[in-house]
K.L.:
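Take this structure first; my questions come after.
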Amino acid sequence: MTEQIDGEAVAADIRAELQSTVDSLADAGERPTLATVLMSPDPASETYVSMKQNDCEELGINARDIELDLDEPAEALFDVIDELNADDDVNGILVQSPVPDHIDYREVLERIDPEKDVDGFHPTNVGRLVAGYPQYKPCTPHGIQKLLAATDVDTEGKDAVVVGRSRIVGKPMANLFIQKAPGGNATTTVCHSRTDDLAAKTRQADILVAAAGIPEFIDGSMLSAGVVVIDVGINRVDADTEKGYELVGDVDYESAAAKASAITPVPGGVGPMTRAMLLYNTVKATGLQNDLDVDLP
Ligand code: NDP
């Protein structure tokens, strides 16, 4: 029997646990606040930001919403970040990517105070992760770690294969898998667009994380029996639906499920976990900034 991993359910459990921590912080006079900054040419970004704000509001986290016009200069965005960095009422800052072409995203990430960098993308936080003492783990790979733990998948000694080496998914995922820590200790292979004979690598996987951004790219013929498949991909493909598209993952679900012991669906797998871990980092940031011990799931 193939287990379908229910990301919605695991994320709901995490949110429920975070709720009591948010309540305790609020009782101590420190209700968490997340500031989102939207200046993105990608139409999906607006939806992502509004979902993140709704998640915050459901938990009683203050959501501050800043929007900039796409033709504003980089300095306008930097000024907003500087103000948020200096504002003691703001615990977490998230600038939704992508930003317009005339702005260097790297400069944006480096501008955010690492203590408020709840995405975990600032070089200081990346460095802490690589060095083995992460402060804010990037939300998607952290969510995948939690999903594996909730599914009783022990990563220790397993062959983990990550397809994709992006800053936000592939690289931090690989870094978490190789940590000498719970959810790590996996022997890890990272594949990318220049990988030779990808299928030979993916067939070695006990745990496969697909994050290439190519619809239904990994199919059952590229997998070995019993693999745990984590599909990160969220791809819009044309479809005869009300919106004119549907969301599919990077994995061909039917053929992969026939080989897998467990697999995440799209939607309803990794996506809800990414959102839950943003709340986690915001709550953690609030505790750290106020010298308060907080219970985290
Ligand atoms: P990027 O486009 O930044 O990275 C894609 C990676 O896949 C690159 O490293 C690229 O290699 C690699 N790749 C491309 N083609 C191939 C190939 N033929 N064989 C092997 N590797 C290949 O994407 P992201 O990491 O940002 O996102 C990946 C997917 O995950 C997207 O669908 C995105 O929408 C989704 N996503 C989902 C999230 C969630 O919460 N569920 C969160 C974030 C992303 P190279 O480096 O050589 O170019």
Side-chain angles (χ1 to χ4, degrees), residues 5-8 10-11 14-15 36 40-52 54-55 94-99 105-106 109 118-121 126 136-148 160-177 188-205 208-219 221-223 229-237 245-253 256 263-281:
I5 302 172
D6 187 345
E8 292 287 0
V10 180
I14 289 175
R15 285 198 305 271
T36 56
S40 170
D42 179 355
S45 291
E46 201 174 333
T47 313
Y48 292 147
V49 167
S50 79
M51 288 195 311
K52 289 167 186 174
N54 290 344
D55 290 342
L94 177 150
V95 178
Q96 182 66 42
S97 71
V99 290
Y105 185 50
R106 206 176 76 180
L109 295 182
V118 285
D119 263 334
F121 297 158
V126 176
Y136 302 119
K137 295 182 186 178
C139 302
T140 301
H142 192 193
I144 292 169
Q145 270 195 321
K146 294 281 184 194
L147 212 46
L148 291 171
V161 176
V162 180
V163 182
R165 57 174 165 184
S166 71
R167 178 170 32 194
I168 64 169
V169 188
K171 275 186 196 150
M173 184 75 260
N175 273 306
L176 288 175
F177 276 148
T188 305
T189 305
V190 183
C191 303
H192 45 74
S193 66
R194 312 297 163 88
T195 295
D196 190 25
D197 198 356
L198 179 67
K201 313 288 186 298
T202 54
R203 279 191 211 108
Q204 289 173 0
L208 180 101
V209 176
I214 307 173
E216 300 178 329
F217 173 54
I218 308 282
D219 67 26
S221 72
M222 300 168 74
L223 303 170
V229 177
I230 305 294
D231 189 353
V232 183
I234 303 178
N235 306 292
R236 283 186 181 191
V237 295
Y245 66 85
E246 64 179 355
L247 296 180
V248 300
D250 284 356
V251 174
D252 174 50
Y253 187 88
I263 183 167
T264 57
V266 175
V270 175
M273 295 301 296
T274 298
R275 287 162 52 193
M277 300 326 287
L278 175 65
L279 303 170
Y280 177 108
N281 279 348

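Start at 1 with the first residue, then count along the sequence. Atoms considered below: every heavy atom in the structure, side chains included; atoms not considered: hydrogens, waters and symmetry mates. We count ligands from 1, going down the list as the structure has it; atoms in each ligand are counted the same way.
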K.L.:
Can you tell me if Thr202 uses its side chain to pair, donor with acceptor, with the backbone of Met222 under 3.5 Å?
P.N.:
yes
K.L.:
Which protein non-hydrogen atom lies closest to atom 15 (N) of ligand 1, naming both residue and atom, and how far is it?
P.N.:
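The closest one turns out to be Ile214 CD1, 3.4 Å.
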K.L.:
Drop me the distance from Asp119's CG to Leu109's CG, to the nearest 0.5 angstrom.
P.N.:
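If we round to the nearest 0.5 Å, Asp119:CG and Leu109:CG are 8.0 Å apart.
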K.L.:
Let me confirm one number: the OG1-CD1 distance from Thr140 to Ile234, rounded to the nearest 0.5 Å.
P.N.:
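CD1 of Ile234 is found 8.0 Å from OG1 of Thr140.
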K.L.:
State, to 0.1 Å, how close Lys137 and Asn281 come at their nearest heavy-atom pair, and which atoms those are.
P.N.:
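Of all heavy-atom pairs spanning Lys137 and Asn281, the closest is O-ND2, 3.0 Å.
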K.L.:
Find all atoms of ligand 1 within a distance of less than 4.0 Å from any non-hydrogen atom belonging to Val270, and give their numbers and elements.
P.N.:
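That gives atoms 41 (N) of ligand 1.
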K.L.:
Going by a strict under-4.0 Å cutoff (protein heavy atoms only), does atom 3 (O) of ligand 1 have a neighbour on the protein?
P.N.:
yes
K.L.:
With heavy-atom distances below 4.0 Å as the criterion, list the atoms of ligand 1 near Thr140.
P.N.:
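That gives atoms 40 (O), 42 (C) of ligand 1.
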K.L.:
Taking Ser45's backbone N and O only, do any of them form a donor-acceptor pair with Ser40's side chain (distance below 3.5 Å, no angle check)?
P.N.:
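It does not hold such a pair.
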K.L.:
Output the list of atoms in ligand 1 that are nearer than 4.0 Å to some heavy atom of Gly233, sorted by atom number.
P.N.:
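Answer for ligand 1: 29 (C), 30 (O), 32 (O), 35 (C).
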K.L.:
At their closest point, which heavy atom of Phe121 faces which heavy atom of Val126, and how far apart are they?
P.N.:
O-CG2, 3.6 Å
K.L.:
In chain order, what residues pass the ring pair (Phe, Tyr, Trp, His ring centres under 6.0 Å) check against Phe177, with sequence neighbours excluded?
P.N.:
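For Phe177 there are no ring pair (Phe, Tyr, Trp, His ring centres under 6.0 Å) partners, ignoring immediate neighbours.
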K.L.:
Can you list the ligand 1 atoms lying under 4.0 Å from a non-hydrogen atom of Thr274?
P.N.:
39 (C), 40 (O)
K.L.:
For atom 33 (C) of ligand 1, what is the nearest protein heavy atom, given as residue, atom name and distance?
P.N.:
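Answer, as residue, atom name and distance: Ile234 N, 4.1 Å.
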K.L.:
Output the list of atoms in ligand 1 that are nearer than 4.0 Å to some heavy atom of Phe217, sorted by atom number.
P.N.:
17 (C), 18 (N), 19 (N)
K.L.:
Which residue and non-hydrogen atom of the protein lie closest to atom 11 (O) of ligand 1, and at what distance in Å?
P.N.:
Ser193 N, 3.2 Å
K.L.:
By number and element, which atoms of ligand 1 are closer than 4.0 Å to a non-hydrogen atom of Gly271?
P.N.:
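That gives atoms 40 (O), 41 (N) of ligand 1.
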K.L.:
What protein heavy atom sits nearest atom 12 (C) of ligand 1, and how far off is it?
P.N.:
Gly164 CA, 4.0 Å
K.L.:
If you round to the nearest 0.5 Å, how far is OG of Ser97 from CD1 of Ile168?
P.N.:
5.5 Å
K.L.:
Measure the distances from the heavy atoms of Ile168 to every atom of ligand 1 and state whether one is below 4.0 angstrom.
P.N.:
yes
K.L.:
Tell me whether ligand 1 is touched by Ala211 - counting only heavy atoms on the residue side and a distance under 4.0 Å.
P.N.:
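Within the 4.0 Å threshold, so yes.
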K.L.:
Between CZ of Arg15 and CG of Leu279, what distance do you get to the nearest 0.5 Å?
P.N.:
7.5 Å
K.L.:
Considering only the protein, which heavy-atom contact is closest to atom 20 (C) of ligand 1, and what is its distance?
P.N.:
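Going atom by atom, the protein heavy atom closest to atom 20 (C) of ligand 1 ends up being His192 O, 3.1 Å.
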K.L.:
In the protein, what heavy atom is nearest to atom 27 (O) of ligand 1, and what distance, to one decimal place, separates them?
P.N.:
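Answer, as residue, atom name and distance: Val169 CG2, 4.4 Å.
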K.L.:
Note the single closest protein heavy atom to atom 23 (O) of ligand 1, along with its residue, its atom name and the distance in Å.
P.N.:
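Here the nearest protein heavy atom works out to Ser166 CB, 4.3 Å.
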K.L.:
Identify, for atom 46 (O) of ligand 1, the protein heavy atom at the shortest distance, and state residue, atom and that distance.
P.N.:
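Going atom by atom, the protein heavy atom closest to atom 46 (O) of ligand 1 ends up being Arg165 NE, 2.8 Å.
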K.L.:
Please report the interatomic distance CD(Gln145) to CE(Met277), rounded to the nearest 0.5 Å.
P.N.:
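Result: 8.5 Å between the selected atoms.
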K.L.:
Just going by heavy-atom distances, which of Thr264, Val232, Asn235 is nearest to atom 37 (C) of ligand 1?
P.N.:
Val232
K.L.:
Using heavy-atom distances only, which candidate in Ala212, Pro215, Gly213, Pro141 approaches atom 5 (C) of ligand 1 most closely?
P.N.:
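Looking at heavy atoms only, the winner is Ala212.
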K.L.:
If we count only N and O atoms by modelled type, under 3.5 Å, do the side chains of Ser221 and Asp219 hold a donor and an acceptor together?
P.N.:
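Judged by distance alone, the side chains do pair up.
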K.L.:
Is a donor on one side and an acceptor on the other found under 3.5 Å between the side chain of Asn235 and the backbone of Gly249?
P.N.:
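Judged by distance alone, yes, a pair lies under 3.5 Å.
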